[in-house]
Protein chains: 2
Amino acid sequence: MSDDRSSHDALTGGARRSTFGGLDDLDRALLRELERDGRISNKDLAERVGVAPSTCHTRVAALRTRGVLRGFHADVDPEAVGRGLQAVIAVRLQAGARPQLGAFAHALAARPEVRDVYLLGGSEDILLHVAVHDSRALRAFVVEHLSARREVAHTQTSLVFEHLHAPTTAV
Amino acid sequence: MSDDRSSHDALTGGARRSTFGGLDDLDRALLRELERDGRISNKDLAERVGVAPSTCHTRVAALRTRGVLRGFHADVDPEAVGRGLQAVIAVRLQAGARPQLGAFAHALAARPEVRDVYLLGGSEDILLHVAVHDSRALRAFVVEHLSARREVAHTQTSLVFEHLHAPTTAV
DNA sequence: ATTGAAACGAGCACCGC
DNA sequence: GCGGTGCTCGTTTCAAT
């Protein structure tokens, strides 16, 4: 019964238990499919990984409870919503401003232009990934929210020509 | 009827048409909710934005067709799947290797450690965001897939202490 | 373009294994 | 812990506004 589709299968009856952190092959298969399509129905998901819908439902709920599955999010084309220009900005803080790094980073993350904030160890303190309407908006952001702040010692902006995003593959 | 929850409402009967690229207030409300919770049911989504389920369904389908909504993806905790160490790596290529930049970048994106590949304009050519098991795995990745390649002129690795991700807010 | 009703299909909980 | 069964609820289509 059922049809082998992409990868998976050989789960039912195959080797099971945890290769890492209490995740077995079935858990990993579920995560893989849900990263590929976060809106797949429970029935289709069960079919894809080769278990009963009830089992699938229980497992996914458990992954959520354990915090392995943090949530599901729509992927929106930045260009379609008027944010066709992307950039990464490396930010170095004044030595004395390090204690406020956390608060500063969270404030930046709350801005609509900001997509990612990386808190770094190394020569730079923060790396920002931003999406804006045009170069004028990019300059405005850097000037108003970075250069103008006393905590900021230095910034370096690079345009993003292309951004490839890949799922978190389990070990 | 219904309960005002977070923001929105005042859509039904309010001002409509496109503020940007053919997206009206209803479209933006839908995108906002779907970025917050990509697995919300159509019924609940309709209730949140204040329209009938059938209308909601039509609009979301249209956003998909137009390419505004690119997909839905599960958010998996990297630490829970054995990738608790994150880093960003700036890569500069040899001048002569630029024509192969695209192919090289796509090959990197296919590796399980790699979460994001940014193709940059500026002093560096590529910025990588990787998630690995430990520092040994990080070093192995850099040595085997970056330093060892003839196209690569220089790399600079910084550890990521914290990563904040925010939705793409429409203009 | 939005809606409500109607048919279809999926989600969810219970029970047996 | 996993899988089958059945009731309930959501999704999706379509005629009408």
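First the proteins, then the strands, lettered A, B, ... as listed; each starts at 1. What's counted below: heavy atoms across the whole structure, side chains too, no hydrogens, waters or symmetry copies.
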What N/O pairs connect the protein and nucleotides 7-11 of chain D at under 3.5 Å? Give each pair on its own line.
{"unit_1": "D:dT11", "atom_1": "OP1", "unit_2": "B:Asn42", "atom_2": "N", "d": "2.4"}
{"unit_1": "D:dT11", "atom_1": "OP2", "unit_2": "B:Lys43", "atom_2": "N", "d": "2.9"}

Next item on the list: Take atom CD of A:Glu47 and atom P of C:dG11, then tell me their distance rounded to the nearest Å.
Entry: 12 Å
Check: Quick one: ring-ring contact (aromatic ring centres under 6.0 Å, His included) partners of B:Tyr118, sequence neighbours excluded?
Finding: A:His129, A:His163
Check: Just how large is the angle between the end axes of the helix from C:dA1-D:dT17 to C:dC17-D:dG1, five pairs per end, to 10 degrees?
Finding: 30°
Margin query: Tell me every residue that passes side-chain contact (heavy atoms from CB on, under 4.5 Å) with A:Thr157, counting only those two or more places apart in sequence or in another chain.
Written below: A:Ala87, A:Ile89, A:Leu138, A:Val142
Next item on the list: Taking only the side-chain nitrogens and oxygens of A:Thr55, find out if one of them lies under 4.0 Å from OP1 or OP2 of D:dG3.
Entry: yes
Margin query: For D:dG1 and A:Arg59 - does any side-chain N or O of the residue sit under 4.0 Å from the phosphate oxygens OP1/OP2?
Written below: no
Next item on the list: Name all residues meeting the side-chain contact (heavy atoms from CB on, under 4.5 Å) criterion together with A:Ala52; count only those two or more places apart in sequence or in a different chain, and write none if there are none.
Entry: A:Ser54, A:Thr55
Next item on the list: Please collect all side chain to side chain donor-acceptor pair (under 3.5 Å) contacts where either partner lies in residues 140-149 of chain B, sequence neighbours excluded, each pair once.
Entry: B:Arg111-B:His145, B:Arg149-B:Glu151
Check: How would you list, by chain and number, every residue that makes a salt bridge (Lys or Arg N to Asp or Glu O under 4.0 Å) with A:Arg66, sequence neighbours excluded?
Finding: A:Asp27
Next item on the list: Please lay out, stage by stage, how B:Glu162 and A:His106 fare under the test side chain to side chain contact (heavy atoms under 4.5 Å, CB included).
Entry: CA-CA 11 Å; B:Glu162 199 176 343; A:His106 281 268; 3.7 Å; yes
Check: How would you list, by chain and number, every residue that makes a salt bridge (Lys or Arg N to Asp or Glu O under 4.0 Å) with B:Asp77, sequence neighbours excluded?
Finding: A:Arg70
Could you go through residues 91-98 of chain B and list every donor-acceptor pair under 3.5 Å that involves a side-chain atom there, pairing it with any protein atom two or more places apart or in another chain?
{"unit_1": "B:Arg92", "atom_1": "NE", "unit_2": "B:Ser123", "atom_2": "O", "d": "3.4"}
{"unit_1": "B:Arg92", "atom_1": "NH2", "unit_2": "B:His154", "atom_2": "ND1", "d": "3.3"}
{"unit_1": "B:Arg98", "atom_1": "NE", "unit_2": "B:Asp125", "atom_2": "OD1", "d": "3.0"}
{"unit_1": "B:Arg98", "atom_1": "NE", "unit_2": "B:Asp125", "atom_2": "OD2", "d": "3.4"}
{"unit_1": "B:Arg98", "atom_1": "NH2", "unit_2": "B:Leu93", "atom_2": "O", "d": "3.1"}
{"unit_1": "B:Arg98", "atom_1": "NH2", "unit_2": "B:Asp125", "atom_2": "OD2", "d": "3.1"}

